[in-house]
Each structure stands twice: as structure tokens, then as C-alpha cells.
Number of protein chains: 2
Amino acid sequence: MAQKIKLSTIAEALGVSTATVSLALRDSPLVAETTRERVKAYAREIGYIYNRRAASLRTSRSGIVGVVVHDIMNPFFAEILKSIESELDRSKQTFILSNHYDSVEKQRDFIETLLQLGADGVIMSPAIGTPAEDIKLAERNAMPAVLIARSVDGVSTPSFRGDDSFGTGLATDHLIELGHKRIAHIGGTDQTSTGRDRYAGYRQAMDRAGLKVREDWRISGPRTKLAGFEAAEAFLNLPDRPTAAVCWNDLVAIGLMNGLIRSGYSIGEDFSVTGYDDLQEAAIATPALTTVWNGQREVGRMAAKTLVARINEHPTVTGLQLISPELHVRKSTAAPKPDR
Amino acid sequence: MAQKIKLSTIAEALGVSTATVSLALRDSPLVAETTRERVKAYAREIGYIYNRRAASLRTSRSGIVGVVVHDIMNPFFAEILKSIESELDRSKQTFILSNHYDSVEKQRDFIETLLQLGADGVIMSPAIGTPAEDIKLAERNAMPAVLIARSVDGVSTPSFRGDDSFGTGLATDHLIELGHKRIAHIGGTDQTSTGRDRYAGYRQAMDRAGLKVREDWRISGPRTKLAGFEAAEAFLNLPDRPTAAVCWNDLVAIGLMNGLIRSGYSIGEDFSVTGYDDLQEAAIATPALTTVWNGQREVGRMAAKTLVARINEHPTVTGLQLISPELHVRKSTAAPKPDR
DNA sequence: CTGAAAGCGCTTACAG
DNA sequence: CTGAAAGCGCTTACAG
């Protein structure tokens with residue numbers, strides 16, 4: 001490696017000051033156009049690389065935004081990330097991604113790392129059990145936060161997510177209208193706000209229709225395709241076997257459908273299944289999945305926009321912002337068999 | 001926000017020098033244990049945050065590693081990333097992720113960003129058409145690189161991937177042994193080394209068995225579930241309709257199976273389908289997918305280990321390192337119908 | 001075992 | 001329109 005090239009290398013070669021070089025490279029109108037072009041051309045020629053650490057030490061702006069989610073392998077988050085990415089690209093922010101796998105510990109480490117790197121802000125889907133204090137830690141150190149998909153009690157941080165209880169109600173109502181009376185609820189737990197909201201939406205819809213909500217028709221836990229697949233057996237062994245299942249998300253629904261098909265059942269005919277999120281995959285599953293669109297695109301876009309606004313100290317909304325979900329009816333739901 | 005807390009804040013409060021504080025915080029044995037403890041306790045108490053930008057400016061080590069892949073939403077990369085993540089965690093490196101979506105331009109921007117941030121190294125699955133020069137740019141600026149999944153001609157950078165032509169041969173041989181004679185090849189292009197290798201493995205296996213390789217039995221392109229789903233129609237319209245399909249990867253295979261099932265066919269019975277990668281999903285697909293294990297875990301682990309070694313200037317392997325794939329037979333393949 | 005001082009590579013008032 | 005100088009917050013020889 002040759003000698004390190006820095007601002008002063010250019011300054012000396014061109015017989016100007018580093019201040020001029022610095023301004024020229026950033027297209028400052030304070031520098032004469034000819035000088036500016038000369039500097040930029042020479043910088044390009046010798047392969048100058050801007051040292052952001054040095055600049056950021058000086059300006060205390062890093063151009064880095066952190067994003068923490070449960071698991072980027074989850075297509076639900078992946079779809080949100082994509083829209084965050086395209087929004088942040090626009091404002092030239094680099095983003096650092098991390099999974100917390102629902103470990104508050106791991107999440108705190110990441111926040112600490114972002115603080116050390118001088119990140120300008122953070123978008124997070126908080127881990128189960130995140131204390132308000134952890135969010136405040138970021139904000140207190142001049143790193144504004146925005147929450148997605150889940151909320152945290154005790155903070156007024158802007159927070160974007162779908163209206164889960166309403167959405168699950170939509171799916172449940174749909175099954176009830178088709179004539180189902182015994183409807184199970186599969187996946188999720190009471191440990192997250194989302195889990196509580198979705199189950200509440202299901203309960204309320206059942207109540208409204210005067211149908212019995214049975215605790216033993218709830219199979220808690222599954223949130224992945226594999227877990228949904230494995231839940232098929234438990235579902236088939238449920239007392240007074242239900243004719244339909246409201247699933248926590250599309251992954252669980254697709255896994256469950258695969259498991260039921262393996263056991264020789266036909267979805268739509270023998271059982272009806274609904275998902276949640278409307279992932280790209282829902283439409284091409286076999287059978288095509290009836291599900292609730294959860295506005296991933298919107299959530300990502302609005303979260304990123306809001307964070308950028310907060311970073312630039314523009315006023316923004318605060319607190320919970322609900323996106324209204326929509327039911328997308330496909331082939332995985334139908335009227336129950338008449339003989340039951 | 002209160003006054004910014006820095007090393008000197010602690011030094012003044014405790015009546016020691018910043019040098020001592022700096023050493024104490026990093027557990028240097030040069031500092032007396034009592035002093036060390038006193039410093040650390042006080043730093044914790046007042047909520048001191050280590051400024052990595054300042055440290056890194058001084059030491060020219062950032063603790064950042066970049067990872068660029070085509071698309072993290074692709075479960076194949078997601079599985080590799082997971083193993084990179086757990087390996088990097090061990091050496092306390094923060095990693096920054098970026099998708100290049102096969103844009104050489106976007107990839108170059110990211111390398112430039114990493115250079116500006118003073119990243120210690122980069123792991124990349126190079127975009128289609130990546131010139132050797134782009135890899136050299138990183139290395140010339142003291143940022144060692146390691147390649148995964150794809151290679152780039154003209155560089156000796158360590159490069160980890162599965163033996164694609166051998167693996168595709170395995171899948172093709174399996175179909176031939178089952179008695180298939182008309183076998184299509186679906187997905188991928190000649191623009192990547194992987195694409196060329198996989199198609200070559202298929203060709204060679206067909207040749208060895210004395211079977212005809214027909215260009216019109218190759219459906220190029222699809223690499224996603226959706227594309228595989230859409231390719232079902234093209235497959236069904238192939239001249240002298242094949243009885244089996246060797247697919248580019250599991251996503252294409254699963255999509256294709258869904259498409260064929262939608263058209264009323266039964267996989268295993270009417271057509272045999274093989275995948276590639278052995279994603280977690282392959283085992284729970286319906287029917288369970290016969291596929292080729294591609295060692296994602298291994299690739300990620302070895303790539304990360306090698307990069308860390310290079311960063312620490314330890315000697316490492318160079319050039320292409322092939323991981324040997326294995327055939328996993330499941331339910332999506334069977335003997336062709338006797339009447340054909 | 002501890003301290004004083006220089007320097008990493010930028011940007012930002014300030015002066016001219 | 002341009003330059004000289006200070007300073008962002010660390011770490012690292014060097015001296016004691």
C-alpha cells in the first residue's frame with residue numbers, strides 16, 4: 001500500500017489549503033468553480049477516499065442509521081426492511097442491521113454499539129420485554145428512535161404498525177360469515193403487544209357472533225413455517241376438532257396447510273385457514289392463502305421518513321400510528337362441510 | 001442533553017490522566033487494579049459512552065465488517081448470513097449489510113462507503129459482472145475481502161462456495177437412475193459462474209448417460225419462488241414434455257411444484273422435481289423436496305473465519321475453496337409413469 | 001504504575 | 001474566494 005492519501009495530500013499537490021480542498025469536495029459555492037473542478041479531478045485521479053470517521057468526529061453526524069429487528073430471515077421484516085432501505089437510500093444514510101432474536105440483552109448491546117459509532121438514529125422492532133429505559137438511553141444520547149411492528153409502554157416514541165386486533169377480527173369475521181363455528185387460533189403469545197392484540201381481535205369477533213371462545217383451541221407459540229407445520233398434529237388433536245384456523249401470520253398458515261395436506265386433508269374443503277401479513281408468498285401458496293394485508297411497505301416507508309425528519313430536528317408525529325389492515329380473500333377459506 | 005461525557009470528564013473527576021482512563025477501560029495490566037476498578041465503576045455510573053469513531057481514527061481499526069449479497073430476502077443468503085453473524089459476534093466485529101441486487105454500481109457504492117467508514121474487511125457475493133478491479137480497490141485500500149457463493153476471475157481472493165457442477169450432476173444422476181430420460185433444466189443464466197457450472201453439471205450427467213441435451217428444455221431466468229411458479233406454464237408447454245425438472249434452487253423448485261399442482265398435476269407421480277440448497281423449507285414443502293445440500297452453514301463460517309484471519313494478518317488460503325454438496329432424497333422424485 | 005504531549009484526518013469559525 | 005489554526009475524542013510512544 002502506498003502512502004495514505006488525505007486532504008492534505010491533495011492540498012499540497014495543488015498548492016491550496018486543506019480548507020479549500022474540503023469545501024471543494026463538498027461542492028461548496030464558497031470555492032471558485034475552476035478550483036473546485038481542479039480539486040475534484042485530482043482527487044479522483046489519485047483515488048482519494050473520504051475519511052468519514054474523521055469528518056464525523058468533527059461534525060458529530062455519522063450518516064449511519066441502525067435497524068434492529070427480531071430476525072431478518074423473517075419475510076415480514078424483510079419486506080419492511082426493503083422499504084426502509086429504499087427510503088434511506090434517498091437521504092444517503094448507510095444502515096446497519098442487526099437481529100436481536102428477542103434478546104433484550106443483544107438488543108441493548110446493539111444500541112450501545114450504535115451509540116459508540118455515533119449513529120444518527122435507530123429504527124427498531126423492540127425485543128419482547130424491552131424496558132422503556134432502553135429506548136430512553138438512545139434518545140438521551142441524541143440518537144432518535146422510531147418503533148415498528150411492536151410498541152413499548154412508557155415512551156412517546158413514534159411507533160408504526162398495523163391495527164392487529166382489527167385485522168384479526170377481519171379474518172375471524174370472514175370465517176364466521178362462511179359458516180364456521182369452531183375456530184382455532186394458532187401462534188403468537190401474550191408476551192408481545194402484537195400477540196395480545198391479535199388474540200383479542202379473534203376473541204372479540206367470536207364474542208360478537210355469540211360463538212364460544214375456548215382456551216384449549218388456542219395453540220400458542222408458532223411464528224415460523226416449521227412451527228406451523230409441526231402444529232398441524234396438535235390442531236388435529238384439538239377437542240371437538242375445529243373446522244377453521246386463524247393463524248398468527250402467513251408463515252404459520254403455510255406451514256399448517258402443508259402439515260394438514262401431508263395428513264391427507266384438503267384445505268378449503270376439510271379445513272379453512274387464514275394467514276396474516278399478505279407476504280408475496282401468500283398468493284402463490286397452494287392453495288392461495290386468504291390473509292390480512294398488514295402494510296409492510298407503508299410501515300417501512302413511514303418509519304424511515306419519520307426518523308430522517310427527527311434526525312433533522314423537524315417536528316414529527318409521536319406515539320402510536322396504526323395502519324389499517326385489509327382482508328384479501330383467496331382459496332384457503334370456504335364454507336365448512338355441511339355434515340359437521 | 002447534559003454535557004457530553006468523554007474520557008477527560010472521567011479523568012478530571014478522578015484526578016488521573018486520560019491515558020490512565022483509556023488504559024483502565026480497556027483492562028490494561030499497566031494500570032493498578034484499584035485504579036482500574038475505580039475508573040470503570042465511575043464510567044458506568046455516569047453513563048460514559050466510548051467513542052469508537054475517535055478511537056478508530058487513531059488506531060485505524062474500526063471493528064466493522066461489511067457484507068454484501070444479492071438479496072438478504074433470499075433464504076439461501078439469509079442462512080449464510082446467520083452463520084457469518086455468529087462467527088463475527090465471536091470476534092466482536094459489527095457488521096454492516098447491504099443488498100446489491102446484482103447492480104455493480106450499487107455494489108461499488110457500498111465498497112466505497114465501507115472504505116470511508118474504515119471497515120476492517122468485507123465479505124461479498126459479487127454482483128453479476130463484477131470486474132476484478134472492484135475487488136482490488138478494496139484490497140489496495142487495506143480492506144481484505146472474501147468471496148462467497150460466486151467467484152470473480154482475475155483475483156486470488158479466498159472464495160468459498162459449493163461445487164455446483166458436481167451437485168447438479170448428483171441431482172441429474174438421481175433422476176436418470178429413477179428412469180427419467182426427458183429432463184428439463186429450470187432457472188439460472190450463463191451470466192454467473194454458478195449459472196454456468198450448474199448447467200454444465202446437468203449437461204455432463206446427461207451426456208454420461210447418453211441422453212439428449214436439448215437447448216429448448218432449458219428455461220433460463222427463474223431464481224425465485226414466484227418465477228418458479230410462473231415457469232410452470234412454460235414447462236408444461238415444452239416440446240416433447242419432459243418428465244422431470246432439475247431446478248436452479250429450492251425456491252424455484254417449490255414455486256414450480258406449486259404451479260404444477262395448481263394445474264392439477266401430482267408431484268412425484270406425474271413429474272419429478274429437484275431443488276438445490278436444501279433450505280430449511282425444503283423438508284417441509286409438500287411434497288418434501290429432493291434437493292442438494294449446499295453447505296450454507298459451512299460457507300458462512302469459513303468465510304467469516306478466513307476474513308478475521310486476514311484482518312489480523314494471519315496467513316490464509318487463497319483462491320477457490322469448494323464445499324462438497326450432498327444429495328438429499330425426499331418425496332418430490334420418483335420413477336416416471338410407465339406409460340410414457 | 002502514571003502523566004504530558006502529539007497526532008489520527010477532517011471541518012469550522014475567523015481573518016484577510 | 002482562500003488560508004492558518006483550533007479542535008472533535010481517542011491512543012500511543014515516551015519519560016519518569
Side-chain angles (χ1 to χ4, degrees), chain A residues 1-40 42-43 46-64 113 115-120 141-142, chain B residues 1-40 42-43 46-64 113 115-120 141-142:
Chain A
M1 224 187 49
Q3 203 51 267
K4 190 96 188 192
I5 297 165
K6 44 193 174 175
L7 276 193
S8 62
T9 315
I10 302 176
E12 281 165 26
L14 263 39
V16 295
S17 73
T18 57
T20 299
V21 175
S22 172
L23 292 168
L25 289 177
R26 284 174 295 142
D27 280 323
S28 164
L30 288 175
V31 177
E33 184 164 338
T34 51
T35 316
R36 212 189 308 161
E37 291 312 322
R38 210 157 54 97
V39 168
K40 292 172 78 173
Y42 186 70
I46 64 173
Y48 168 70
I49 288 170
Y50 179 68
N51 187 325
R52 265 165 73 162
R53 288 170 291 180
S56 133
L57 181 58
R58 182 60 225 256
T59 62
S60 66
R61 274 287 287 264
S62 65
I64 292 175
T113 298
L115 253 13
Q116 295 183 353
L117 292 171
D120 296 334
N141 287 285
Chain B
M1 225 189 44
Q3 202 53 264
K4 188 96 190 195
I5 298 165
K6 44 192 176 177
L7 275 194
S8 62
T9 316
I10 302 176
E12 279 166 27
L14 263 39
V16 295
S17 73
T18 58
T20 300
V21 175
S22 171
L23 292 168
L25 288 176
R26 284 174 294 142
D27 279 324
S28 163
L30 287 175
V31 177
E33 185 164 339
T34 50
T35 317
R36 212 189 309 160
E37 291 311 322
R38 210 157 55 98
V39 168
K40 291 172 76 172
Y42 186 69
I46 63 172
Y48 167 69
I49 288 169
Y50 179 68
N51 188 325
R52 266 164 72 161
R53 287 170 292 180
S56 134
L57 181 57
R58 183 58 227 257
T59 62
S60 68
R61 275 286 286 265
S62 66
I64 291 175
T113 298
L115 253 13
Q116 294 183 353
L117 291 171
D120 296 334
N141 287 285

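Chain naming here is simple, since letters A, B, ... match the order of the sequence lines and numbering starts at 1 in each.
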request  = Could you check A:T20 against A:T35 for side-chain contact (heavy atoms from CB on, under 4.5 Å), going step by step and ending with a plain yes or no?
outcome  = CA-CA 9 Å; A:T20 299; A:T35 316; 3.9 Å; yes
task = Show your reasoning for whether side-chain contact (heavy atoms from CB on, under 4.5 Å) applies to B:K6 and B:T18.
result = CA-CA 9 Å; B:K6 44 192 176 177; B:T18 58; over 6 Å; no
inquiry  = One pair to check against side-chain contact (heavy atoms from CB on, under 4.5 Å): B:T9 and B:K4. What are the steps and the verdict?
reply    = CA-CA 9 Å; B:T9 316; B:K4 188 96 190 195; over 6 Å; no
message = With side-chain contact (heavy atoms from CB on, under 4.5 Å) as the criterion, how do B:I49 and B:I5 come out once you've worked through the C-alpha distance, each side chain's angles and the decisive distance to 0.1 Å?
response = CA-CA 7 Å; B:I49 288 169; B:I5 298 165; over 6 Å; no
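Interatomic distance, B:L115 CG to B:N141 CG, rounded to the nearest 0.5 Å: 4.5 Å. To the nearest 0.5 Å, atom CZ of residue B:R52 and atom OG of residue A:S56 are 12.0 Å apart. Atom CG of A:L57 sits about 6.0 Å away from atom CG of B:L57, to the nearest 0.5 Å.
Atom-to-atom, CG of A:L23 to P of C:dC14 comes out at 15 Å; the value is rounded to the nearest Å. Between the CD atom of A:E37 and the C1' atom of D:dC1 there is a distance of 16 Å, given to the nearest Å. B:L30 has its CG atom 12 Å from the C1' atom of D:dA13, to the nearest Å. Protein atom CZ of B:R38 is 12 Å distant from nucleotide atom C1' of C:dT2, rounded to whole Å.
At the phosphate of C:dA4, neither OP1 nor OP2 sits under 4.0 Å from any side-chain N or O atom of B:S17. Look at A:R26 and you'll find a side-chain N or O under 4.0 angstrom from OP1 or OP2 of C:dT12. Distances shown here put a side-chain N or O of A:T20 below 4.0 Å from the OP1 or OP2 atom of D:dG3. Between B:T35 and C:dT2, a side-chain N or O to OP1/OP2 separation shorter than 4.0 Å is present.
Taking a pair as Watson-Crick or G-U wobble with both distances under 3.5 Å, DNA chain D forms stems of 3 or more consecutive pairs at C:1-3 with D:14-16, C:5-12 with D:5-12, C:14-16 with D:1-3.
Each of A:S8 and B:E33 was assigned the nucleotide of DNA chain C with the nearest heavy atom; the assignment lying further toward the 5' end belongs to B:E33. Each of A:T18 and A:R36 was matched to the nucleotide of DNA chain D holding its nearest heavy atom; the match closer to the 5' end belongs to A:R36.
When heavy atoms are screened at a 4.0 angstrom cut-off, B:A19 is found touching base atoms of the nucleic acid. If you check every strand for non-hydrogen atoms under 4.0 Å, B:G15 touches sugar and phosphate atoms only.
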Pairs: protein N or O with nucleotides 7-9 of chain D N or O, under 3.5 Å:
residue : atom : partner : partner atom : Å
D:dG7   : N2   : A:R58   : NH1          : 3.4
D:dG9   : OP2  : B:K6    : NZ           : 3.0
D:dG9   : N2   : B:A54   : O            : 3.1

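Each of B:L23, B:L25, B:T34 was scored for a side chain to side chain contact (heavy atoms under 4.5 Å, CB included) with B:V39, with one residue passing: B:L25.
Using a distance-only test at 3.5 Å, with no hydrogens or angles considered, no donor-acceptor pair links the side chain of B:R58 to the main chain of B:A54.
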